Structures are given as structure tokens and as C-alpha cells.
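This report refers to the structure that appears directly beneath it.
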Protein chains: 2
Amino acid sequence: MSDLAAIAVEVSPSERFREYLATQGKRLTSERAIIVDEVFASHEHFDAEQLVARLVQRTDKTRVSRSTIYRALAELEKAGLLRKVARTNDREIYEHDYGYPQHDHLICKKCGELTEFQNPELKEILQGVAAAYGFRMEGHRLEVSGICANCSRPPSRGHRKLDMI
Amino acid sequence: MSDLAAIAVEVSPSERFREYLATQGKRLTSERAIIVDEVFASHEHFDAEQLVARLVQRTDKTRVSRSTIYRALAELEKAGLLRKVARTNDREIYEHDYGYPQHDHLICKKCGELTEFQNPELKEILQGVAAAYGFRMEGHRLEVSGICANCSRPPSRGHRKLDMI
DNA sequence: ATGAGTGCAAAAAGTTTGCACCGCT
DNA sequence: AGCGGTGCAAACTTTTTGCACTCAT
């Protein structure tokens, strides 16, 4: 958290995106602007389908097609603004990768909730491992699966529903 | 490799599978037997497509359909004999989860190679994290992405086998 | 004008499922 | 007989792509 100051002076996601696109000879169109805006409107994890849903709610003059959304997500990923964190129900889950510290996730097998956590030792260990294999580490994806506190709580006889075959 | 002795005394994968199936009121059919056999014939990572390919090579009297293979993979996973380790080229990658120690992977972005590694500290850290969140950890999936030693070497002659694992 | 960008519909690709038939138990 | 199991083909899901048109520079 000590580098929040540095983060604070970063440019806005859409500005950052515009810069990236420029390096690729591309432009920040109104469709793309709407998408970045919506994507960074909340810090929640999301998948393409949810983003589509959020976008149709909007009352912008421009409506964006599904194709454009997928294409934009790919660009945002290349631009380093988004990253895929997991895959749930056959859908790729995205999260902001701009202005936020690196972290990993606890994924509840029951309710599907994603909880972020940070652990600096982790990165060190991975760097050590990578070095040992002459591997140039660029990133990682760690999902710890299990049952979240909420879901494992009340096993108080009879309240547990053991459905889900 | 140091605990091969311990592994040796465990029952065979197919026996283990039979036991699991029994608890589900199901049977180890000849098709399933062939599949488990082939799956455990080598310790390499594989995806459904590759397994199908290996199975058509076999000269068994029985031929198994793709559907049955997919259904068997799902059962093997539930039985705890297999687990999904990653997803490459839109395909789910499986590996043995029976008789082998827990480990994680380095995944090369260029050639797709999966390298296994083991690090005991990792589990400790994760247990600590989980405990802090009241999360009941059951497992984890860690993929370290980057460029493998082979691919980062000179451009002389890089790896090129995106389709094989 | 020129090339990037978009929407639409169709295509892909991997995996799942409905269904009729088969074969244990 | 009663079910679980299988093969086949059709269905599905998410994501990608071909194409013709539009638009900013």
C-alpha cells in the first residue's frame, strides 16, 4: 500500500488505453470509450456476458455489439489494463490489472465467491523457482479452492443442504 | 521420485476407480477399464483430444466413443484420480492426481510446455492465508507463466509445438 | 481515399446431452 | 425386468471471424 501515491498520479484507464491504442496505430473510438468506462466503473470481477449485460443497461447514444466487446476485452488485456483471473462456468473472468497491486484468489467451490488476497512471500518463492529452472517468469495465476467462511459456517444439524449432485 | 515406495503399495488406478464407481452404484465397464488403463499408461499431461487419439491407436476389441471418454474423464476427476491443471488452446489439460505428490506448473507462453515443480513452502503459505480468511482450503491451482529456458535462448531454433503438451 | 472499426450472422471448437439400443445383475 | 452404459448425432456455449459498410483523418 506504500505506493498508493504513485498510483494516484497515474492517468485514467481510458487515457491509458488511448495511449496504448496509439502505439498500435489504433484509435479510442466511442464504442471503446464506453467499454473502458463501464469496465472500470466498478472494481468487481466480471466475465464477458456480465459486461454485455451492464452495457445494454447504459443509455449512451452508442450501442456496442458483442463482437466489439470481445475485441475490446482482448485489446484491454494486451494493453495491460485487464487480466484473466480464472475461469468459472466456462467463462473467462476478468479483473483490473491497472492501478491495483498484484494479488491472488480464494475461490469458494460452493458459492463461487472470489476473495482477493495478497502475499509478498509468494512472489519471492516463485521467482526462486523460476530462476532454478531458467524460466523467465512473466506472471502467474493462483486459485486456491475450497469452502469460504460463509458457506462452511452453519452445519448446525438440518440446515445444511447437500444438494448439487 | 523419492516416495515411489509409498506409491507402490497403493491399489492400482483401475482398482481405485472401481471402488469409487461402486460407491456410486456404477460399474467398471470394459470401456472404462480401457480408458483408465490408457490414462495411467503414461504420466504425461494430456487433453481429451490426445486421449482420444491414443485410444484409437489401441488394438483392444472394444472401441470407445468420444462421449464415453468425456464421461469417463469427468468420473475420474470426481474419483480423485485426475485433476485439471490448466487450459491450453481452449482445451482442458489433465494430469494424474493419484499416487503423485502435489505440485505446480511453469507454463511457457511460447511453446506451451508444462514443467512441474514442487515447493513445500507454498502450501504452508497458502494454509496460512486460508486460515486468515476462515477459508477451508481443499486445493489450489498455480500456473506460473513466462518463457521457458529453451524458448528464451537465442532465436536459433526455438520450440514450436503449440499443439503438444 | 485509406485503412481502422463496427455490427451481424455464421463459424469454430470443445464439451455435453437426448435418445434408442445393449447388456449386466 | 430394471438400470446403468454406450454410441451417434444433434445441441450448446462461449468466443472468433468473414464480410460489407461506415467513419475519422
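Not measured: the values here are computed from a predicted model.
Scored by the salt bridge (charged side-chain N to carboxylate O under 4.0 Å, His left out) test, B:Glu15 finds B:Arg18 as partners (sequence neighbours excluded). Under the rule for a side-chain hydrogen bond (donor to acceptor under 3.5 Å, both in side chains), A:Arg63 has no partner lying at least two apart in sequence or in another chain. Residues satisfying the salt bridge (charged side-chain N to carboxylate O under 4.0 Å, His left out) test with A:Arg66, not counting sequence neighbours, are A:Glu49. Checked against salt bridge (charged side-chain N to carboxylate O under 4.0 Å, His left out), A:Arg27 has no partners two or more places apart in sequence or in another chain. Partners of B:Lys26 by salt bridge (charged side-chain N to carboxylate O under 4.0 Å, His left out), not counting sequence neighbours, listed by chain and number: B:Glu75.
Counting only residues at least two apart or in different chains, salt bridge (Lys or Arg N to Asp or Glu O under 4.0 Å) contacts with residues 94-105 of chain A comprise A:Arg83-A:Glu95. The ring-ring contact (aromatic ring centres under 6.0 Å, His included) pairs that include a residue from residues 116-152 of chain B number zero, where partners must be two or more places apart or lie in different chains. The stretch residues 18-44 of chain A participates, sequence neighbours left out, in these ring-ring contact (aromatic ring centres under 6.0 Å, His included) pairs: A:Phe40-A:His96, A:His43-A:His96, A:His43-A:Tyr100.
In summary, contact between chain B and DNA chain C, defined as any nucleotide atom under 4.0 Å from a heavy atom of the protein, begins and ends at C:dG14 to C:dC24 in the 5' to 3' direction.
For A:Asp37 and A:Arg58, the salt-bridge test passes: some basic side-chain N is under 4.0 Å from an acidic carboxylate O. We find that A:Arg141 and A:Glu92 are joined by a salt bridge, their nearest charged nitrogen and carboxylate oxygen being less than 4.0 Å apart.
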- Message: Does the protein touch nucleotides 19-25 of chain D at the base, only the backbone, or not at all? Give it as B, S and - per nucleotide, heavy atoms under 4.0 Å.
- Response: -----S-
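D:dG4 atom P lies 17 Å from atom CG of B:Leu28, rounded to whole Å. Following rounding to the nearest Å, B:Glu31 (CD) and D:dT6 (P) show an atom-to-atom distance of 5 Å. One can place CG of B:Asp90 at 10 Å from P of D:dT17, the figure rounded to the nearest angstrom. One interatomic measurement links the two molecules: CD of A:Glu92 to P of D:dT14, which rounds to 12 Å at whole-angstrom precision. For the pair A:Asn89 CG and D:dT14 C1', the computed distance is 12 Å after rounding to whole Å. At whole-Å resolution of the value, OH in A:Tyr94 and P in D:dT14 are 14 Å apart. Protein atom NZ of B:Lys26 is 10 Å distant from nucleotide atom P of D:dT6, rounded to whole Å.
Of the residues near DNA chain D, A:Arg91 and B:Thr68, the one whose nearest nucleotide (by heavy atom distance) lies more toward the 5' end is B:Thr68.
Scanning residues 45-67 of chain A for heavy-atom distances under 4.0 Å to DNA chain C yields A:Arg63, A:Val64, A:Ser65, A:Ser67.
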Pairs of donor and acceptor atoms involving the side chains of residues 119-129 of chain B, under 3.5 Å and at least two apart or interchain, shall be tabulated with distances.
unit_1: B:Asn119; atom_1: OD1; unit_2: B:Glu121; atom_2: N; d: 2.9
unit_1: B:Asn119; atom_1: OD1; unit_2: B:Leu122; atom_2: N; d: 3.4

